[in-house]
Visitor: 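I am attaching a structure below and will ask some questions about it afterwards.
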There are 2 protein chains.
Amino acid sequence: MEREHITLKDIAKVAGVSTATASLALAGDPRVNIKTKRNVEEVARRLKYVPNEIGRSLRAKKAETIALIFPNTPHNAFTHPYFVQLLEGITEILVQNGFHLLLSTSPTETDEAASYDLILKNRRADGIILWPASIKDSNILRIVESGYPVVYLGRWHHDDVLTVERDDFGGAYLATEHLLKAGRKRILHVTGPQSFQVSIDRLEGYKRALQDYKVLFEPQLVVEADYTMESGYEAITRAEQAAISYDSVFAGNDRMAIGAMKALQTLGRSIPGDVAVVGYDNIEMATMTHPTLTTIEQPMDVIGRIAAEKLIHKLTNKGTAEGIEDKQSVVPAKLVIRESCGGK
Amino acid sequence: MEREHITLKDIAKVAGVSTATASLALAGDPRVNIKTKRNVEEVARRLKYVPNEIGRSLRAKKAETIALIFPNTPHNAFTHPYFVQLLEGITEILVQNGFHLLLSTSPTETDEAASYDLILKNRRADGIILWPASIKDSNILRIVESGYPVVYLGRWHHDDVLTVERDDFGGAYLATEHLLKAGRKRILHVTGPQSFQVSIDRLEGYKRALQDYKVLFEPQLVVEADYTMESGYEAITRAEQAAISYDSVFAGNDRMAIGAMKALQTLGRSIPGDVAVVGYDNIEMATMTHPTLTTIEQPMDVIGRIAAEKLIHKLTNKGTAEGIEDKQSVVPAKLVIRESCGGK
DNA sequence: ATGAAAGCGCTAACAG
DNA sequence: CTGTTAGCGCTTTCAT
């Protein structure tokens, strides 16, 4: 069971050359005689030689690895649906470039700083992709502005920092515009907590669309909830009690939209007849409701891909796609039209 | 921006000792003088010294890292809902033990073998957790039976292999039993493709429960679908056309259960009045349907935790929890009672 | 075209 | 108690 690993030395010995030559031969260096090269390769293949990357890393001072760091805080939960998609995008690019992915959670919020530092300083990874926990985080600040190779998944107030962000403003604009174009004028916006940047941005997108379509913004048409389905349900109930009249709902996420639909159906309103509904996120559930939910999709796999490309570009200067040179990228959201808004 | 990393040598120089002493001092070796130790620690702290783990790994011949390998094949999609949970369980244990997690997808099926080998042979990780793609996979076979430190998430036909598996049989038994206890006798079982071991096991659990409760198994009450919501819908339609009578449905997963509920509602059957429904998986959506869906939960975080513990135990001989000594573990499923079956 | 030797950062055996 | 030395596996001058 205790298998000895065959090293370059073994190959060299068997092939009757020095390790230096063996190394060069396997690296395909043109200086080495073609016959020797063939021979070394033959031996390596026969002995199933696999280079030890730790040795190589030590020498090269790089690990060919990037780390994805995400704080495992409870309220991060509502971003979870995207996590797998993000991962898919990232891994796709990494695999293409022969990089590895180190996944790192910060166990507790206070340990975060340490965690970030370690990963980079201990040379386990050459760069990191940072999935933000909340709007402000002094720990993140340090690492992001330290000049280390970091891609931040969100907005950052400093132009030197590489970032990839989704377009919450634009997505909300799209959603609102869709309702406006369908002739709806009184759009109830169920927002998430306004302490989150996401919620603020989506509200702004909503406002801007109204403005562009010359519809007066009415503060009473904005009701705050907390991104859960239940809170979406209650938001409608509250609006009802307040006797607010509206012909459509734009919810800050799909869960709230689904809660809202339930509430509306309980109240006997038809969707989209009486009230049209748009959500945000395009979670799987949006395809299964009745009626199916029109919503905004955020291509998290694209975000992952761009982030990985940016980082690898910074690390290796090998650009793999266009636009990678830009420090900041905003990935546009997409309108996914289903039944809950009528039309097609 | 090109920061020089401070190494042990730097610490030693500044502290006026040899690197050996510095190393011992930082390792807390009792042989080194307390004053020297303090001094070295002082210097290390002041210079913000972080040991280079690559160097350490090379020396120690271990990476303090385990890899999670999962094949990124399309039909793996239906297992996705669990992936994040699994990850949570794994990382929790790894963090506790100071291990790192390397995530590895096999880009294509043919590359899998290579991918498995590499991770271990190139010494990037000390052990791996294997998330199986399909029932049979000759690539997996090699690595699992190679004697390398591997934990396989599923069943394996060889007793020496470390495995952690969920209990599909038991879960299906629970679901069926729940219906039987509620007085339902004609349980329609909507299965997934019988080419998957999951589907087979769940069908077996269903049969066994019937048998234990002295209810005759009727083959016509088993209809095969493909784990999508649409197929669940169609399964009911087909059963209807075949004029099969039933008073309840046990679906092989929640998606099909939801599809089935839709179909039943379209047909004017009340749930659970006319037909009780149980799903499997406890996806988030199960809490949002109307009525909410009674289902079976598989604690994937527990599976992840056990897998990580087993592996670390094998690697370090440090047992962190009971039952880790066992080569094989089966993690029991749990019945989650909601509205779709009536009762409470 | 090939080999000898140095060194990446760390630890451990052995002296002193 | 501390320093010297060697070596983990690899690559890369620098000689030959």
Side-chain angles (χ1 to χ4, degrees), chain A residues 2-41 43-44 47-65 98 118 120-126, chain B residues 2-41 43-44 47-65 98 118 120-126:
Chain A
E2 278 307 284
R3 72 205 63 240
E4 281 310 310
H5 274 272
I6 25 173
T7 72
L8 191 60
K9 218 197 287 196
D10 300 325
I11 304 299
K13 200 185 299 171
V14 175
V17 297
S18 75
T19 61
T21 310
S23 176
L24 290 180
L26 292 174
D29 192 295
R31 289 175 302 175
V32 51
N33 186 306
I34 184 75
K35 273 194 64 181
T36 339
K37 178 166 162 11
R38 291 263 169 69
N39 182 33
V40 172
E41 285 174 340
V43 173
L47 302 193
K48 297 199 206 319
Y49 168 68
V50 178
N52 179 326
E53 290 201 25
I54 299 286
R56 193 178 272 175
S57 286
L58 182 59
R59 178 72 229 234
K61 288 175 164 243
K62 43 187 174 159
E64 303 282 89
T65 300
L118 281 173
L120 286 176
K121 290 233 186 97
N122 67 16
R123 311 274 60 193
R124 266 242 130 76
D126 307 323
Chain B
E2 278 305 287
R3 73 207 62 239
E4 281 309 310
H5 274 273
I6 26 172
T7 71
L8 191 58
K9 219 194 301 197
D10 299 325
I11 303 299
K13 200 183 300 171
V14 175
V17 295
S18 74
T19 60
T21 309
S23 176
L24 290 180
L26 292 174
D29 192 294
R31 289 175 302 176
V32 50
N33 185 306
I34 185 73
K35 273 194 65 182
T36 337
K37 179 163 147 48
R38 290 263 171 68
N39 182 33
V40 171
E41 285 173 340
V43 173
L47 302 193
K48 296 201 206 320
Y49 168 68
V50 179
N52 180 327
E53 290 200 25
I54 299 285
R56 192 179 272 173
S57 286
L58 181 59
R59 178 72 230 233
K61 285 174 167 249
K62 43 188 176 159
E64 303 282 88
T65 300
L118 281 175
L120 286 176
K121 291 233 186 98
N122 67 16
R123 310 276 56 192
R124 264 244 133 74
D126 306 322

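Below, read A as the first sequence line, B as the second, and so on, with proteins coming before strands; counting in each chain starts at 1.
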Visitor: Using a 3.5 Å cut-off and no angle test, enumerate the donor-acceptor pairs between side-chain atoms of residues 18-28 of chain B and protein atoms at least two apart in sequence or in another chain.
Guide:
residue, atom, partner, partner atom, Å
Ser18(B), OG, Ala20(B), N, 3.4
Ser18(B), OG, Thr21(B), N, 3.2
Ser18(B), OG, Thr21(B), OG1, 3.0

Visitor: Could you work out how much the helix from dA1(C)-dT16(D) to dG16(C)-dC1(D) bends, comparing the axis of its first five pairs with that of its last five, to 10°?
Guide: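 One end's axis against the other's: 50°.
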Visitor: Report the residues that fulfil side chain to side chain donor-acceptor pair (under 3.5 Å) with Glu64(B), sequence neighbours left out, ordered by chain and then residue number.
Guide: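 Here no residue qualifies.
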Visitor: Using a cut-off of under 3.5 Å, enumerate the N/O to N/O pairs linking the protein to nucleotides 3-6 of chain D.
Guide:
residue, atom, partner, partner atom, Å
dG3(D), OP2, Ser18(B), N, 3.0
dG3(D), OP2, Thr21(B), OG1, 2.7

Visitor: For DNA chain D, whose closest nucleotide is more 5', that of Thr36(B) or that of Ile54(A)?
Guide: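 Closer to the 5' end of DNA chain D: Thr36(B).
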Visitor: Once you round it to whole Å, what is the distance between C1' of dC14(D) and CG of Asp29(A)?
Guide: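 Value for this atom pair: 14 Å.
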Visitor: Tyr49(A) side chain N/O closer than 4.0 Å to the phosphate oxygens (OP1, OP2) of dC10(D)?
Guide: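 Yes.
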Visitor: Minimum heavy-atom separation for Ala15(B) to Val40(B), with atom names?
Guide: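 For Ala15(B) versus Val40(B), the nearest heavy atoms are CB-CG2, 4.2 Å.
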Visitor: Applying salt bridge (Lys or Arg N to Asp or Glu O under 4.0 Å), which residue pairs with at least one partner in residues 22-33 of chain B are found, sequence neighbours left out?
Guide: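 Applying salt bridge (Lys or Arg N to Asp or Glu O under 4.0 Å) to every pair that reaches into residues 22-33 of chain B, excluding sequence neighbours, yields Asp29(B)-Arg31(B).
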Visitor: Among all residues two or more places apart in sequence or in another chain, which pass the side chain to side chain contact (heavy atoms under 4.5 Å, CB included) test with Lys13(A)?
Guide: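 Scan of Lys13(A) (side chain to side chain contact (heavy atoms under 4.5 Å, CB included), adjacent residues dropped) gives none.
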Visitor: If I take atom CZ in residue Arg124(B) and atom C1' in nucleotide dC10(D), what distance separates them, rounded to the nearest angstrom?
Guide: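 It works out to 13 Å between those atoms.
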Visitor: Please state how far atom CG in Leu58(B) lies from atom C1' in dG7(D), giving the value in whole angstrom units.
Guide: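 Rounding to the nearest Å, CG of Leu58(B) and C1' of dG7(D) are 9 Å apart.
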Visitor: To the nearest 0.5 Å, tell me how far Asn52(B) CG sits from Thr7(B) OG1.
Guide: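 Result: 9.0 Å between the selected atoms.
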Visitor: Could you check Val43(A) against Tyr49(A) for side chain to side chain contact (heavy atoms under 4.5 Å, CB included), going step by step and ending with a plain yes or no?
Guide: CA-CA 8 Å; Val43(A) 173; Tyr49(A) 168 68; over 6 Å; no
Visitor: Which nucleotide of DNA chain C is the first, and which the last, in the 5' to 3' direction, to come under 4.0 Å of a heavy atom belonging to chain A?
Guide: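 The contacted stretch runs from dA1(C) to dG9(C).
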Visitor: Does Lys61(B) have a side-chain nitrogen or oxygen under 4.0 Å from the phosphate oxygens OP1 or OP2 of dG7(D)?
Guide: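 The answer is no; no side-chain N or O of Lys61(B) sits under 4.0 Å from OP1 or OP2.
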Visitor: State whether Ser23(A) places a side-chain N or O below 4.0 Å from either non-bridging phosphate oxygen (OP1 or OP2) of dT11(D).
Guide: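 For Ser23(A), the contact criterion (side-chain N or O under 4.0 Å from OP1 or OP2 of dT11(D)) is met.
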Visitor: Taking only residues two or more places apart in sequence or in another chain, which ones pass side chain to side chain contact (heavy atoms under 4.5 Å, CB included) with Ser57(B)?
Guide: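 Per chain and number, Ser57(B) pairs via side chain to side chain contact (heavy atoms under 4.5 Å, CB included) with Ile54(A), Arg124(A), Ala63(B).
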Visitor: Find the distance between CD1 (Ile11(B)) and CD (Glu41(B)) and round it off to the nearest 0.5 Å.
Guide: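 If I round to the nearest 0.5 Å, the distance is 11.5 Å.
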Visitor: How is Ser57(A) classified with respect to the nucleic acid when contacts are heavy atoms under 4.0 Å: base, sugar-phosphate, or nothing?
Guide: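 Counting heavy atoms under 4.0 Å across all strands, no contact is made by Ser57(A).
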Visitor: How many angstroms lie between atom NZ of Lys62(A) and atom CZ of Arg56(A), to the nearest 0.5 angstrom?
Guide: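 Answer for the NZ-CZ pair, Lys62(A) versus Arg56(A), is 11.0 Å.
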